[in-house]
Engineer: 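Can you keep this structure in mind? I'll have questions shortly.
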Amino acid sequence: MFTQEQRALLEGKLDKSIVKQRRGANGKAVSYVEAWHVIDMANEVFGFGNWDAETVDMRREHDPVQIPPTEEHPKGGIVVTYSARVRVTVYSQDGSRKVVRERSGGHRGFGPTVGQAVEDCIKAAETDATKRAFVTFGNIFGLALYDRQQRNVGTLERRQVAAPSWSQLAAIDEGFDPSGPDRQTTSQRAIAAAPRPAANGKDHSRLPY
């Protein structure tokens, strides 16, 4: 399923330089790996086109609740909780085999408005579920942090990815017929359809929405 190079990375240790700390619910420090690093590692180990993450379920666990001002949040705000289930699929280099992992995650979101609280909560719940699914692939995705002694967390040298030879890259216009009719790009169509400033010089296209 995986190449020797991929197996070496998956069986390796988690670099402690990317481990972050936050305060947990009980006030104690909790170690975690940021979501962007998990995605970055997935691209590096599996390849940009050899993995996929699909949100198969998203649920609101309770209606938004207005909370009064507190010492932590002097202006009060809105609290809501969402749970998500994400399915991660990783393909072999030749695309003939795949591994599927599915996990759930959740988040209790807080915001000044219902809209912001819900938006932030949905994104965080999806991120949490995605990270939990990737954890099953090994220490480099955060599995090492589940060990209280963190025996598989260490100082690692930054891996250098060899740049491809330009002679091996196809020309960017290869396979395209330059004699075809000119067509507007998506950006050109968007600019053409954009509202124009009013005659009095005021640009109403910048009004908030």
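Bear in mind that the values here come from a model prediction, so they are computed numbers and not experimental data.
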Engineer: Please determine whether side-chain contact (heavy atoms from CB on, under 4.5 Å) holds for the pair Gln6 and Gln93, giving the CA-CA distance in whole Å, both sets of side-chain angles, and the decisive distance to 0.1 Å.
Structural biologist: CA-CA 10 Å; Gln6 288 176 321; Gln93 293 294 308; 2.8 Å; yes
Engineer: What pairs of residues pass the side-chain hydrogen bond (donor to acceptor under 3.5 Å, both in side chains) test when at least one of them lies in residues 57-66, not counting sequence neighbours?
Structural biologist: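 Checked against side-chain hydrogen bond (donor to acceptor under 3.5 Å, both in side chains) - neighbours excluded - the pairs reaching residues 57-66 are Asp57-Arg59, Arg60-Asp63, Glu61-Ser83, His62-Thr81.
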Engineer: Just by distance, do the side chain of Gln116 and the backbone of Thr113 share a donor-acceptor pair under 3.5 Å?
Structural biologist: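 A pair under 3.5 Å: no.
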Engineer: Please assess Val38 against Thr130 for the test side-chain contact (heavy atoms from CB on, under 4.5 Å), listing each intermediate value before the final yes or no.
Structural biologist: CA-CA 9 Å; Val38 173; Thr130 302; 5.6 Å; no
Engineer: Tell me the ring-ring contact (aromatic ring centres under 6.0 Å, His included) pairs involving residues 5-34, sequence neighbours left out?
Structural biologist: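 Sorted result for residues 5-34: empty, none.
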Engineer: Cluster partners of Val114, using ILVMFWY side-chain heavy atoms under 4.5 angstrom, listed by chain and number?
Structural biologist: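 Members besides Val114, by chain and number: Met58, Ile78, Val80, Tyr82, Val118, Ile122.
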Engineer: Does atom CD (Glu5) have a neighbourhood of more than 12 heavy atoms from anything else shown, all under 6.0 Å?
Structural biologist: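 No, the 6.0 Å shell around CD holds no more than 12 heavy atoms from other groups.
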Engineer: To the nearest 0.5 Å, how far apart are CD in Glu102 and OG1 in Thr136?
Structural biologist: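 Result: 11.5 Å between the selected atoms.
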Engineer: Look up atom NZ in Lys123 and atom CG in Asp128, then write down how far apart they are to the nearest 0.5 Å.
Structural biologist: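 Between atom NZ of Lys123 and atom CG of Asp128 there are 15.0 Å.
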Engineer: Would Phe137 and Trp51 count as a close aromatic pair, with their ring centres under 6.0 Å?
Structural biologist: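 Ring centroids of Phe137 and Trp51 are no less than 6.0 Å from each other.
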Engineer: Can you see which heavy atom on Ala84 is nearest to which on Ala129, and at what distance?
Structural biologist: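 In this case the closest contact between Ala84 and Ala129 is O-CB, 3.7 Å.
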Engineer: I'd like to know if the side chain of Lys20 and the backbone of Glu34 have a donor-acceptor N/O pair within less than 3.5 Å.
Structural biologist: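 Answer holds: no.
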Engineer: Between Val88 and Tyr91, is there shared hydrophobic-cluster membership here, with clusters defined by ILVMFWY side-chain heavy atoms closer than 4.5 Å?
Structural biologist: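 Val88 does not cluster with Tyr91.
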Engineer: Output all residues satisfying salt bridge (charged side-chain N to carboxylate O under 4.0 Å, His left out) with Asp120, sequence neighbours left out; order by chain, then residue number.
Structural biologist: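 By the salt bridge (charged side-chain N to carboxylate O under 4.0 Å, His left out) rule, Asp120 matches no residue at all.
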Engineer: Check the pair Val86 / Arg103 against side-chain contact (heavy atoms from CB on, under 4.5 Å), numbers first and verdict last.
Structural biologist: CA-CA 6 Å; Val86 171; Arg103 292 295 185 273; over 6 Å; no
Engineer: Can you list, by chain and residue number, the hydrophobic cluster partners of Val135 when the side-chain cut-off is 4.5 Å?
Structural biologist: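 ILVMFWY cluster around Val135 also holds Leu143, Tyr146.
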Engineer: Mind checking the CG-CG spacing from Leu145 to Asn152? Nearest 0.5 Å is all I need.
Structural biologist: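 Between Leu145 CG and Asn152 CG, I get 10.5 Å after rounding to 0.5 Å.
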Engineer: Suppose we screen for ring-ring contact (aromatic ring centres under 6.0 Å, His included). Which residues come up paired with Phe2, at least two apart in sequence or across chains?
Structural biologist: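 For Phe2, the residues satisfying ring-ring contact (aromatic ring centres under 6.0 Å, His included) (neighbours in sequence not counted) are Phe46.
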Engineer: Work out which heavy atom in Ser31 is nearest to a heavy atom in Gln150; give both atom names and the distance.
Structural biologist: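 Closest approach of Ser31 to Gln150: OG-NE2, 3.4 Å.
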Engineer: Members other than Val30 in its cluster, when Ile, Leu, Val, Met, Phe, Trp, Tyr link by side-chain heavy atoms under 4.5 Å?
Structural biologist: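 When side chains under 4.5 Å apart are linked, Val30 ends up in no cluster with other residues.
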Engineer: Output all residues satisfying salt bridge (charged side-chain N to carboxylate O under 4.0 Å, His left out) with Glu54, sequence neighbours left out; order by chain, then residue number.
Structural biologist: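 With neighbours one apart ignored, the set is Arg87.
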Engineer: Other members of the hydrophobic cluster containing Val56, with the 4.5 Å side-chain heavy-atom rule, please.
Structural biologist: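 Hydrophobic cluster check, Val56: no partners found.
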Engineer: Which distance, rounded to the nearest 0.5 Å, do you find between the CD1 of Ile39 and the NZ of Lys131?
Structural biologist: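 Taking CD1 in Ile39 and NZ in Lys131, the distance rounds to 10.0 Å.
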Engineer: Taking only residues two or more places apart in sequence, or in another chain, which ones meet Thr127 in a side-chain hydrogen bond (donor to acceptor under 3.5 Å, both in side chains)?
Structural biologist: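 Listed in chain order: nothing, the list is empty.
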Engineer: Give the table of side-chain donor-acceptor pairs shorter than 3.5 Å for residues 104-112, with sequence neighbours excluded, one pair per line with atom names and distance.
Structural biologist:
| residue | atom | partner | partner atom | Å |
| --- | --- | --- | --- | --- |
| Ser104 | OG | Arg85 | NH1 | 2.5 |

Engineer: Apply salt bridge (charged side-chain N to carboxylate O under 4.0 Å, His left out) to Arg151 and list each qualifying residue two or more places apart in sequence or on a separate chain.
Structural biologist: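 Counting only residues at least two positions away or on another chain, Arg151 forms a salt bridge (charged side-chain N to carboxylate O under 4.0 Å, His left out) with Asp147.
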Engineer: Give, for atom CD of Glu11 and atom CD1 of Ile140, the distance between the pair rounded to the nearest 0.5 Å.
Structural biologist: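 The distance works out to 10.5 Å.
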Engineer: If I take atom CG from residue Leu14 and atom CE from residue Met41, how far apart are they, to the nearest 0.5 angstrom?
Structural biologist: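 It comes to 9.0 Å.
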